[in-house]
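Below is one structure, written out as structure tokens, with a few remarks after it.
No experiment lies behind these values; they were computed from the predicted model shown. Just follow the structure's listing: the first ligand is 1, and inside any ligand the first atom is 1. The residues of the chain are indexed from 1 along the displayed sequence.
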Amino acid sequence: MDKVTQERISKLHPSVREEVTKIINECNASLTGRAQVRISQGLRTFEEQNALYEQGRIKAGKKVTNAKGGQSIHNYGLAVDIVLIIDGKTASWDTAKDWDNDGVADWYECVKIFARHGWDWGGNWKTFKDLPHFEKKGYNWRTLLSKKRDKNNYVIL
Ligand SMILES: [Zn+2]
């Protein structure tokens, strides 16, 4: 696992850090070929979320989210976005490519591993498919928003 990914895991909600470490290690072990998984985004502050929401609305660019600050599971450290790093250097969001030639697209190998650990994939969403996105099953932002925070500002689950 690369350093960037380790650092992003260390900022996720404490309840999922160990699990995500396991998931990423399993993904990397199963992608025996040229691709390895990097977490491109984990915890996102409300401010960062609002800035994303403005993109394609009151700011230039393409719309990338329908969630305002507090409305994304990322805002609680319970979601990650992934990207594949090919040969240790090139980022790829190709969900169809089978880099290790085992008959299953590498991206889907990861989807299955996340699912086995109880994580939902944004690629299954009916509207606004979010292919890089995974989130811990069983949480919704409205409930999370109303929860108390601990001294490190993580919601108390
Ligand atoms: Zn995401």
Side-chain angles (χ1 to χ4, degrees), residues 1-28 30-31 35-86 90-97 99 105-147 149 152-155 157:
M1 184 185 314
D2 65 22
K3 251 220 155 74
V4 183
T5 300
Q6 280 177 36
E7 273 163 26
R8 286 178 181 148
I9 290 174
S10 75
K11 294 187 179 106
L12 291 175
H13 192 280
S15 68
V16 296
R17 285 175 198 164
E18 210 174 299
E19 186 172 63
V20 173
T21 303
K22 227 169 140 185
I23 292 171
I24 302 300
N25 284 335
E26 273 182 47
C27 291
N28 285 338
S30 117
L31 307 184
Q36 294 285 271
V37 178
R38 171 174 293 172
I39 293 178
S40 58
Q41 182 118 83
L43 178 69
R44 194 187 288 147
T45 65
F46 283 33
E47 290 74 22
E48 287 165 341
Q49 187 69 43
N50 281 324
L52 272 187
Y53 184 81
E54 288 168 4
Q55 195 178 310
R57 292 188 172 87
I58 59 170
K59 285 192 308 202
K62 217 177 120 187
K63 277 187 194 174
V64 288
T65 183
N66 282 327
K68 298 180 194 177
Q71 299 181 346
S72 164
I73 304 300
H74 280 289
N75 304 146
Y76 307 93
L78 293 164
V80 296
D81 298 332
I82 66 160
V83 59
L84 295 179
I85 304 295
I86 314 306
T90 314
S92 168
W93 286 268
D94 191 327
T95 58
K97 186 98 175 151
W99 301 98
D106 287 20
W107 203 277
Y108 285 91
E109 293 189 51
C110 297
V111 169
K112 281 193 226 164
I113 290 165
F114 271 96
R116 207 155 56 221
H117 287 274
W119 286 63
D120 287 326
W121 180 40
N124 289 328
W125 294 350
K126 302 226 161 38
T127 55
F128 209 83
K129 283 191 194 306
D130 190 354
L131 300 173
H133 179 95
F134 295 87
E135 62 183 48
K136 181 73 179 162
K137 212 188 273 294
Y139 294 113
N140 73 72
W141 67 263
R142 281 187 181 81
T143 313
L144 292 167
L145 188 59
S146 68
K147 287 195 183 292
R149 302 254 177 172
N152 297 315
N153 207 27
Y154 291 102
V155 289
L157 298 172

### Query
Do other residues, nucleotides or ligands put more than 12 heavy atoms under 6.0 Å from the NZ atom of Lys3?
no
### Query
Are any non-hydrogen side-chain atoms of Val20 and Arg8 less than 4.5 angstrom apart?
no
### Task
Please examine the side chains of Leu84 and Lys97, heavy atoms only from C-beta on, and report whether any two atoms are closer than 4.5 Å.
no
#### Entry: Contact check, side chains of Glu135 and Asp130, non-hydrogen atoms, under 4.5 Å
no
### Task
Kindly assign one of parallel, tilted or perpendicular to the pair Phe134 and Phe114, based on the angle between their ring planes and the thresholds 30° and 60°.
parallel
### Message
Return all protein N, O or S atoms below 2.8 Å from the Zn ion (ligand 1), chain by chain in residue order.
### Response
His74 NE2, Asp81 OD1, His133 ND1
### Message
Counting only heavy atoms not in Gln55 (residues, nucleotides, ligands), do more than 12 fall under 6.0 Å from its CD?
### Response
yes
